[in-house]
Amino acid sequence: MKYILLSLVLLSNLFAEIVVIVNAESKVKTLNSDYAKMIFMKKIKELPNGEVLIPLDQSSETDVYTAFYESVANKSRSRMSQYWAKRVFTGKGEAPEILGSDEEVIRRVMNNIDSVGYINAESLVDGVKVVYTIK
């Protein structure tokens, strides 16, 4: 627990904000922490209104990945790796597609109305919409 708290403090200094983004034309207006967690951990495939969101992950080697999962799921890199290994082994699902950078996530979200990803807020551009913010 001390490790997670220390990591959050250190990572909060690296990132002013992490934002979850969707295509600007998406009907999704906002997500809360619970839905962000369920979507990215593939616990749900669609929102209550029927909207399907396909999560895009960043490399587990990036700081934005670590900060995102420690904030949303309260899990470290190694715990997320264990989580996905167990889900794959038990046949309950595969991890989201992994992209290498904020720019790749943005490009994919801009080109696919059903995609959802997370990025450093400093990377925001037109063509995407913020639906959840982690400060």
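Side-chain atoms are counted along with the backbone in the values below, which use heavy atoms only and exclude waters and symmetry mates.
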Got a second to check how far Leu99's CG is from Thr62's OG1, nearest 0.5 Å?
10.5 Å

Restricting to pairs with a member in residues 45-61, which pass salt bridge (Lys or Arg N to Asp or Glu O under 4.0 Å), not counting sequence neighbours?
none

Closest approach of Met110 and Asp126, non-hydrogen atoms and distance?
CE-O, 3.6 Å

In terms of hydrophobic clusters joined by side-chain contacts under 4.5 Å, are Met80 and Val64 together?
yes

Do Leu31 and Tyr69 sit in the same hydrophobic cluster, where Ile, Leu, Val, Met, Phe, Trp and Tyr count as joined when their side-chain heavy atoms come under 4.5 Å apart?
yes

Kindly give the heavy-atom pair with the smallest separation between Met41 and Ala73, and that separation in Å.
SD-CB, 3.6 Å

Exercise: identify the closest heavy-atom pair between Pro55 and Pro96
O-CB, 3.3 Å

What pair of heavy atoms forms the shortest contact from Val28 to Val22, and how long is it?
O-CG2, 4.2 Å

Linking I/L/V/M/F/W/Y whenever their side-chain heavy atoms sit closer than 4.5 Å, directly or via other members, would Ile54 and Phe40 fall into one cluster?
no

Under a 3.5 Å threshold, yes or no: a donor from one side chain and an acceptor from the other, between Arg77 and Thr66?
yes

Can you get from Val105 to Ile98 by hopping between Ile, Leu, Val, Met, Phe, Trp and Tyr side chains that sit under 4.5 Å apart?
no

Quick one, Asn112 with Asn23, criterion side chain to side chain contact (heavy atoms under 4.5 Å, CB included). Give me CA distance, side-chain angles, the key distance, then yes/no.
CA-CA 7 Å; Asn112 185 338; Asn23 185 289; over 6 Å; no

Could you check whether any side-chain heavy atom of Ile21 comes within less than 4.5 Å of a side-chain heavy atom of Val131, counting everything from C-beta outward?
no

Look at the aromatic rings of Tyr65 and Tyr118 and report parallel, tilted or perpendicular, splitting at 30° and 60°.
tilted

Closest non-hydrogen atom pair, Glu17 against Asn120:
O-OD1, 3.5 Å

Start with the C-alpha distance between Asp114 and Leu53, add both sets of side-chain angles, then the distance that settles side chain to side chain contact (heavy atoms under 4.5 Å, CB included), and finish with yes or no.
CA-CA 5 Å; Asp114 295 330; Leu53 288 176; 5.7 Å; no

Flag yes if more than 12 heavy atoms outside Asn111 fall under 6.0 Å of its CG atom; otherwise flag no.
yes

Do Ile113 and Leu47 belong together in a cluster built from hydrophobic side chains that touch within less than 4.5 Å?
no

Measuring from Leu56:CG to Ser115:OG, what's the distance to the nearest 0.5 Å?
4.5 Å

Between atom CD1 of Ile18 and atom CD of Glu122, what is the distance when rounded to the nearest 0.5 Å?
11.0 Å

Side chain to side chain contact (heavy atoms under 4.5 Å, CB included) between Val130 and Leu124, intermediate numbers included:
CA-CA 9 Å; Val130 174; Leu124 275 172; 3.7 Å; yes

Thinking salt bridges, do Asp102 and Arg107 make one under a 4.0 Å N-O criterion?
no

Looking only at heavy atoms, which two atoms of Tyr132 and Ala36 are closest? And how far apart?
CD2-CB, 4.2 Å

Rounded to the nearest 0.5 Å, how far apart are NZ of Lys43 and NZ of Lys37?
7.5 Å

To the closest 0.5 Å, what do you measure between OG (Ser101) and CD1 (Ile106)?
8.0 Å

Filter on side-chain hydrogen bond (donor to acceptor under 3.5 Å, both in side chains), then keep only pairs touching residues 83-100, sequence neighbours left out; what's left?
Glu97-Arg108

